[in-house]
There are 2 protein chains.
Amino acid sequence: MELITVFKALSNEIRVNILIWLKEPRLHFPAEELQDYDPKLGVCVSDIKKKAGLSASTTSDYLSLLQKCGLVDATRVGQWTYYKRNEKAMATLNKMIRETF
Amino acid sequence: MELITVFKALSNEIRVNILIWLKEPRLHFPAEELQDYDPKLGVCVSDIKKKAGLSASTTSDYLSLLQKCGLVDATRVGQWTYYKRNEKAMATLNKMIRETF
DNA sequence: TCTGCATTTCGGAAAATACCGATATATTTG
DNA sequence: CAAATATATCGGTATTTTCCGAAATGCAGA
């Protein structure tokens, strides 16, 4: 995991929020508003897009940026892509920060 | 402490290095090369500039950016400005990251 | 196959950041 | 005061990031 790359990903409020939302999807994405949700797979792009108030393209960009630096995992199921936090990576990040600084 | 602001400060390799160097100044700034060093006050701009390989203006910019977000403290003594890590702020940062994510 | 929906990719305009040199300010010293 | 040194500030150019709309891709149902 590249610390600088991760910090770049985290220096945007919406991307940080996405990570917070994905920590407890049921809490941040009320069931009745959820287009699609699978606890195993995560939340789909449209729902994140709606909550973030971004265009589809920006939402997709942000999510793939978070994925590229390992903080979330993506699973494509049919026409949907589900994103969920990579909890192991989040723990590694915390550890790296603690050890580096 | 504004998490996003801190992440922006940390998304530059040289600024991250400065924080690492200032963690153990004696280790990263050999005594014979040190123009000036006071364990209480920290390391002066010229020494950081030399080690970072940056211009004086950029070094000053970077240090004041780190200071603005609270990660280092500056002390002016005569014509020198000494910078040192704010260990309390570093601990707070770790705590915030742990709690937020 | 045609249509529609979810998502990604692409190209670009606007804003932010990186980093410098020139200049200004403060301090020390002769 | 004048010269030298350390640092800060300013202005600008080059690069990166932000965020969008249009177009492309992939999948599902009629």
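Naming convention: chains lettered A, B, ... in sequence-line order (proteins, then strands); numbering from 1 in each chain. In this text, all values refer to a predicted model and were calculated from it rather than measured experimentally.
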* Candidates C/dA6, C/dT8, D/dA6 - which lies nearest the side chain of A/Gln79 -> C/dA6
* Phosphate OP1/OP2 of C/dT8 contacted by A/Tyr83 side-chain N/O (<4.0 Å) -> yes
* To do: For the side chain of B/Ser55, starting at C-beta, report the closest nucleotide among C/dT7, D/dT9, C/dG21.
  => C/dG21
* Asked: Hey, what do you get for CE (B/Met1) to SG (B/Cys69), rounding to the nearest 0.5 Å?
  -> 7.5 Å
* To do: Write down the distance between CD1 (A/Ile14) and P (D/dT18), rounded to a whole number of angstrom.
  => 10 Å
* Asked: Between A/Asn12 and D/dT17, does any side-chain N or O lie under 4.0 Å from OP1 or OP2?
  -> no
* Could you tell me the separation between the CG atom of B/Leu65 and the C1' atom of D/dT9, rounded to a whole number of Å? => 15 Å
* Taking only side-chain nitrogens and oxygens of B/Thr58, does any of them come within less than 4.0 Å of OP1 or OP2 of C/dC20? -> yes
* What is the distance, rounded to the nearest whole Å, between atom CZ of B/Phe7 and atom P of D/dT17? -> 17 Å
* Determine yes or no for a side-chain-to-main-chain donor-acceptor pair under 3.5 angstrom, with A/Arg76 supplying the side chain and A/Tyr82 the backbone. => no
* Between P of C/dA18 and NZ of B/Lys8, the distance in whole Å -> 10 Å
* Asked: If only atom types and distance count, is the side chain of A/Lys23 paired as donor or acceptor with the main-chain N or O of B/Phe101 below 3.5 Å?
  -> yes
* Answer with base, sugar-phosphate or nothing: what part of the nucleic acid does B/Ser60 contact at a heavy-atom distance below 4.0 Å? => base
* Expressed in angstrom and rounded to an integer, what is the separation of B/Leu66 atom CG from C/dA18 atom P? -> 11 Å
* A/Trp80 CH2 - C/dT8 P separation (whole Å) -> 14 Å
* Structure fact -> Taking D/dA8, D/dT18, D/dC20 as options, the one with an atom nearest any side-chain atom of A/Arg15 is D/dT18
* Starting at atom CG of B/Asp61, determine the distance to atom P of C/dT17, rounded to an integer number of angstrom. => 13 Å
* Backbone N or O of B/Phe7 within a donor-acceptor pair of the B/Ser11 side chain at under 3.5 Å? -> yes
* Counting side-chain heavy atoms from CB outward, which of C/dC20, C/dT7, C/dT9 is closest to B/Leu54? -> C/dC20
* Structure fact -> note: A/Arg76, atom CZ; C/dC5, atom P; distance rounded to Å ~ 16 Å
* When we call it a touch if two heavy atoms are under 4.0 Å apart, what does B/Ser57 touch: a base, just sugar-phosphate, or nothing? -> base
* **Side-chain donor/acceptor of B/Thr58 to backbone N/O of B/Leu54, under 3.5 Å** => no
